[in-house]
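One is the number of the first residue; the rest follow in order along the sequence.
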Amino acid sequence: WGQDETLLSLKTWLAGSQILLIKDMIFGHIYRPKRPYNGNAIQMNSNHIYTNYLFSRNDEEYNELNEAYKELLTQRDDLYKAQEDLQKVIDDLTKEMTLTFNEGFKTIKSNFTKIFKELFGGGTADLIVEESLTGDPLDAGIEIVAEPPGKKLQKISLLSGGEMSLTAIAILFAILRLRPMPFCVLDEIEAALDDANVERFAKYLRNFSKETQFICITHKKVTMENADGLFGVTMPEKGVSSIVSVKLADVAQIEDFKN
């Protein structure tokens, strides 16, 4: 760069110009003349002072920007580190969840096969993990295959309404067998079953009640007969409801006493 492109004349500065423009060089450096140009020495009085002032201001701004840049770099590195740590936690959780799922699914699958045979009085059933599009087994679907007695092995969607309900009940009990709960509410899950299947359901439910307490909302007489107690709502007067409870164990004792 030439000197005439770097500094305005000293005369403009001394005449009261608002600001002395100094042309910036590449990367913000300002040209500082070190030797005479065309044999004429450069006058470095007030212009020299102003140039030093600008260099001082430029250093201050550079230091401020450099500190801000370093702070942003630190924040970026912290974000990268947090991202890596979070990804590691996700990977560890995914591995643990996959292991837990595989172990639990294996047990549920075995329970489902046994319970299905008990509820249907025979037949076979299976649970199959479908292939995942993402390659993650936790995203995969589960196909339910059932073969009631006298029928071919087929998907659950091809079964009748009662068969699908009883199959779903078998899956429910298979899950409860894996991790029994102290308390469970069943809301008319046997509504679609015929009396013969309701009988099987009620007997299995009674055996299961040794581990879990069940409250069944039902209109099926067979289910009520296998219960330990009944709670009903009656309306002796119009607009007035009352709860009636009966312990079937007490009724059985009375009947035995009469006999």
Side-chain angles (χ1 to χ4, degrees), residues 78-193 197-218 223 226:
D78 291 341
L79 289 175
Y80 283 153
K81 182 64 167 55
Q83 182 183 16
E84 293 176 358
D85 294 342
L86 183 59
Q87 187 61 47
K88 184 178 182 302
V89 172
I90 293 175
D91 293 340
D92 293 341
L93 286 176
T94 301
K95 291 180 181 179
E96 184 176 354
M97 291 169 61
T98 302
L99 180 61
T100 303
F101 170 77
N102 291 334
E103 293 177 352
F105 180 78
K106 183 178 180 181
T107 303
I108 293 174
K109 181 178 179 179
S110 176
N111 293 340
F112 173 60
T113 302
K114 297 177 182 178
I115 296 173
F116 182 89
K117 291 180 179 180
E118 293 181 24
L119 292 178
F120 278 88
T124 59
D126 195 11
L127 297 176
I128 301 174
V129 178
E130 298 177 340
E131 293 184 4
S132 174
L133 297 177
T134 61
D136 186 354
L138 299 178
D139 294 333
I142 297 177
E143 183 178 351
I144 303 172
V145 181
E147 183 182 0
K151 291 188 177 182
K152 294 182 180 181
L153 190 67
Q154 54 190 347
K155 295 182 179 180
I156 189 174
S157 58
L158 301 177
L159 301 178
S160 65
E163 291 171 338
M164 284 193 292
S165 297
L166 198 59
T167 303
I169 292 172
I171 294 175
L172 172 63
F173 286 141
I175 296 174
L176 291 177
R177 283 291 184 190
L178 172 65
R179 190 168 298 175
M181 302 177 184
F183 185 80
C184 185
V185 178
L186 305 177
D187 187 2
E188 296 191 62
I189 64 172
E190 86 287 36
L193 303 181
N197 287 326
V198 171
E199 181 72 26
R200 295 193 187 99
F201 160 75
K203 289 182 178 179
Y204 189 87
L205 185 65
R206 186 164 187 82
N207 293 332
F208 208 119
S209 63
K210 298 176 182 178
E211 302 175 9
T212 301
Q213 182 179 8
F214 290 95
I215 293 181
C216 295
I217 302 173
T218 182
T223 305
N226 286 272

Checklist entry - Think R206 forms a cation-pi with F214, using NZ or CZ under 6.0 Å from the six-ring centre and within 45 degrees of its axis? => result no
Under a 4.5 Å cut-off applied to non-hydrogen side-chain atoms, are [X] and [Y] in contact?
X	Y	answer
L176	F208	yes
Q213	M181	no
L193	I169	yes
T124	K117	yes
I171	I108	no
S165	I189	no

Checklist entry - Going through the distances and angles, do I215 and L186 end up as a side chain to side chain contact (heavy atoms under 4.5 Å, CB included)? => result CA-CA 6 Å; I215 293 181; L186 305 177; over 6 Å; no
Which heavy atom of [X] sits nearest to which heavy atom of [Y], and what is that distance?
X	Y	value
G122	P149	C-CG, 3.7 Å
L119	R200	O-CD, 2.7 Å
A174	N111	O-ND2, 3.3 Å
C184	T212	CB-CG2, 4.0 Å

Donor-acceptor pair, distance only, cut-off 3.5 Å: does the side chain of [X] make one with the backbone of [Y]?
X	Y	value
E163	S160	yes
T113	A125	yes
T107	E103	yes
N102	T98	yes

Item to check | Criterion side chain to side chain contact (heavy atoms under 4.5 Å, CB included) on I175 and F112, from CA distance to verdict | outcome: CA-CA 8 Å; I175 296 174; F112 173 60; over 6 Å; no
For [X], all residues meeting salt bridge (Lys or Arg N to Asp or Glu O under 4.0 Å), sequence neighbours excluded:
X	value
K81	D85
E188	none
E147	none

Checklist entry - Has F183 got more than 12 heavy atoms of other residues, nucleotides or ligands less than 6.0 Å from its CZ? => result yes
Once you round to the nearest 0.5 Å, how far does [atom1] of [X] lie from [atom2] of [Y]?
X	Y	atom1	atom2	result
L159	I144	CG	CD1	9.5 Å
M97	I90	CE	CD1	11.0 Å
L178	K106	CG	NZ	13.0 Å
F201	N226	CZ	CG	9.5 Å
E190	N197	CD	CG	11.0 Å
T94	Q87	OG1	CD	8.0 Å

Item to check | Lys/Arg-Asp/Glu bridge criterion (N-O < 4.0 Å) met for D92, K88 | outcome: yes
Next on the checklist: Any carboxylate oxygen within less than 4.0 angstrom of a Lys/Arg side-chain nitrogen, looking at K203 and E199?
Outcome noted: yes
Item to check | From CA spacing to verdict: side chain to side chain contact (heavy atoms under 4.5 Å, CB included), T167, F116 | outcome: CA-CA 7 Å; T167 303; F116 182 89; 3.6 Å; yes
Checklist entry - Please walk me through it: do I142 and I128 pass side chain to side chain contact (heavy atoms under 4.5 Å, CB included)? => result CA-CA 6 Å; I142 297 177; I128 301 174; over 6 Å; no
